[in-house]
Amino acid sequence: MSQPIELDSVDRKILRALQKNARVTNKELAEISGVAASTCLSRVKRLRETGVIQGFSAVVDEEKLGRPVEAFLAVRMNPHRQALVEPFIRHTLMRPEVREICHLTGPDDFLVRVSAESVGALQTLVLEHFAARNEVAFVHTNLIFQKWRGGPADPAAPGA
């Protein structure tokens, strides 16, 4: 695990603003954070170089992309061994339906968020690409009715 990076109030303002709108101009970002544009640019560069900012992405409406059925798949492996984890993750991430995969503690080994064209396509995904794998012992599917996005991630308080 990497160590947290020291962030001051300017860094925090920059991070909050970029998480709300990654397309904000450097000039606007400098105004928001209360520093000169050149200072702001060097701050963002440092945040990228240290890995605090890992990239920029667009938030898309999956329904408008023809994938209106979203679900979480709780997957249990048998056996749950290190040698099987990486191949399972690689296989899973190759599926166009997969939005995100998390390796868990507890009774389930993975939580996979997917989006599919239909309930039938979701069923095919579960049966043919998850349950059919030898190392998969169990797949539990939860359909997503509605979702909400949280606010920007703020750094943990020092000493937390």
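Note that the coordinates shown come from a computational prediction; the quantities given were computed from them, not determined experimentally.
Around CD of Gln19, the count of heavy atoms belonging to other residues, nucleotides or ligands within 6.0 Å exceeds 12.
Within the structure, every pair that satisfies the ring-ring contact (aromatic ring centres under 6.0 Å, His included) test and touches residues 94-145, not counting sequence neighbours, is listed here: His80-His103, Phe88-Phe110, His103-Phe110. Applying the salt bridge (charged side-chain N to carboxylate O under 4.0 Å, His left out) rule to pairs touching residues 16-43 yields Asp8-Arg43, Asp11-Arg43, Arg16-Asp154, sequence neighbours excluded. Listed by first then second residue, pairs satisfying salt bridge (charged side-chain N to carboxylate O under 4.0 Å, His left out) with a partner in residues 136-148 read Glu70-Lys147, not counting sequence neighbours.
Ionic pairing of Glu100 and Arg113 is present here: one or more N-O contacts between side-chain nitrogen and carboxylate oxygen are shorter than 4.0 angstrom. Of the charged side-chain nitrogens involved, none lies within less than 4.0 Å of a carboxylate oxygen, so that Glu135 and Arg76 do not count as a salt-bridged pair.
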Name each donor-acceptor pair under 3.5 Å that joins a side chain in residues 49-58 to protein atoms two or more places apart or in another chain, with its distance.
unit_1, atom_1, unit_2, atom_2, d
Thr50, OG1, Arg46, O, 2.9
Thr50, OG1, Leu47, O, 3.3

What donor-acceptor contacts under 3.5 angstrom involve side-chain atoms of residues 32-41, with partners at least two apart or in another chain?
unit_1, atom_1, unit_2, atom_2, d
Ser33, OG, Leu29, O, 2.8
Ser33, OG, Ala30, O, 3.4

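With a 4.5 Å cut-off on side-chain heavy atoms, Pro96 and Arg67 count as touching.
Evaluation of the side chain to side chain contact (heavy atoms under 4.5 Å, CB included) rule for Asn134 yields no partner, not counting sequence neighbours.
Using a distance-only test at 3.5 Å, with no hydrogens or angles considered, no donor-acceptor pair links the side chain of Arg81 to the main chain of Asn78. With Glu128 contributing its side chain and Thr124 its backbone, the two residues share no donor-acceptor pair below 3.5 Å.
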